[in-house]
Every structure is written in structure tokens, then in C-alpha cells.
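So that the names make sense, note that chain A is the first sequence line, chain B the second, and so on, each numbered from 1.
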Amino acid sequence: MQYWLMKTEPATFSFDDLMKAPKRTTSWDGVRNYQARNFMQQMKVGDQVIIYHSSAEPPGAAGIAEVAGEAHPDLTAFDAKDDHYDPGSTRDAPRWFVVDVRGVEKLERLVALEELRGNPALADMRLLQRGNRLSVLPVTAAEFREVRAMAKRKPR
DNA sequence: GCCAACGTTGGC
DNA sequence: GCCAACGTTGGC
């Protein structure tokens, strides 16, 4: 089993939106970055995912999800009217993929980015590396456990 | 293959 | 709204 972190802007699609979705599941569409795509293609059913709220006040880890369906073509790339349309992706040769993500549980509290940065146990977390902009990132098992543990403790 | 211009992400 | 840190595009 592997662990991941996926970013979303809660103003567009929040963790609560995921929990309210049919079967608490949604296709994670719109990823248009090759490195992020490659990570999604590595995901297996049952992999655990931290859902992270970006461009939020405050930004931080909001909830836990799991991979419910492995990579398959992102249909929004074929739709000329969609914001994420890419004429370079065709049904014969899809360029972009989604995974299906199922909400598992909301964290007891949002663990803010600032607090993640302040935790020495997370010093190597990829999310916190300078200049990181990837919307899909691997997380180690230890980092995953630590973020969950932080949500159960009082904020510092 | 180089690299300047441009677009995007995302924290602040 | 600003801007650093990217990734992408396209001329050459």
C-alpha cells in the first residue's frame, strides 16, 4: 500500500464535497501536469490519500480518502467546452487520466500548512519542499501517520 | 537543443 | 494583488 497527497481548492471542490458525493466517490479530473499524472498512474485501489486544501484560509490537510478506481482516461480532456480541454488528448491516445477517490474520514481538525511546516518529523515531506507546485504527491507511511496524529492533538 | 516569453500554481 | 518558482511553448 502506498500513500499520497492530493490538492484541491475547497472553493471549487472541498473535502466535504467529496464526502457528500454519491458513494463518497469522485473521479479526480483536471490534472494537467505530467509528473502528477505519472503518480496517479502508479496508484492502486486501497492506497490512502491525504486531501489537502490549497488556496484556502488557512491551507492545510483536511481529510483522508482512498483510491477506489485506478487510472483511466480523463473524459474532460475530450470536451472542447471544458476548462480542462486538451486537443492533444484523444480517445485513441489519451494523454490525461483520472483516478477514482473515495472519502474515508474527515480529520478531527484541519492541520494547517504552517503547523505541518513546524513539525520536525515532517521536515522531508514533499509537500513542504520549496517551490513545490505538484497537485499529486507521494507521502511516506510515517508522514501519513504523523499528519493523522497531529489532527488528534491540539494545535500548537 | 537552447532559451526567452509566457502561463500557472499557490502562499502570503 | 503580488510574486517566486516552476512548466510549457515556440522561434531559431
Go through residues 56-63 of chain A and report each residue with a non-hydrogen atom lying under 4.0 Å from DNA chain B, sorted by number.
A:P59

ILVMFWY clustering at 4.5 Å (side-chain atoms), partners of A:L75:
A:F78

Residue pairs, two or more places apart or on separate chains, that pass side-chain hydrogen bond (donor to acceptor under 3.5 Å, both in side chains) and touch residues 54-64 of chain A
none

Sorted by chain and number, sequence neighbours left out, side-chain contact (heavy atoms from CB on, under 4.5 Å) with A:A21 holds for none

With A:A121, which residues qualify under side-chain contact (heavy atoms from CB on, under 4.5 Å), at least two apart?
A:N119, A:E146

Ordered by number, residues from residues 82-95 of chain A within less than 4.0 Å of DNA chain B (heavy atoms) are none

Between A:S27 and the options A:V98, A:V99, A:V101, the side chain to side chain contact (heavy atoms under 4.5 Å, CB included) test singles out A:V98

Residue pairs meeting salt bridge (charged side-chain N to carboxylate O under 4.0 Å, His left out), one or both in residues 3-24 of chain A, sequence neighbours left out, come to A:D16-A:K106

Only pairs at least two apart or in different chains count here, so list each side-chain hydrogen bond (donor to acceptor under 3.5 Å, both in side chains) that has a residue in residues 59-88 of chain A.
A:R32-A:D74, A:R32-A:T76, A:E66-A:R102, A:H72-A:D100, A:D74-A:T76, A:D86-A:R95, A:D86-A:W96

Taking 5' to 3' order, which nucleotide of DNA chain C is first and which is last to have an atom within less than 4.0 Å of a heavy atom in chain A?
C:dA5 to C:dT8

Applying side-chain hydrogen bond (donor to acceptor under 3.5 Å, both in side chains), which residue pairs with at least one partner in residues 123-135 of chain A are found, sequence neighbours left out?
none

Where at least one partner belongs to residues 100-129 of chain A, residue pairs that pass ring-ring contact (aromatic ring centres under 6.0 Å, His included), sequence neighbours excluded:
none

Run the side-chain contact (heavy atoms from CB on, under 4.5 Å) test against A:A62 and tell me which residues pass, sequence neighbours left out.
A:F15, A:H53, A:L110

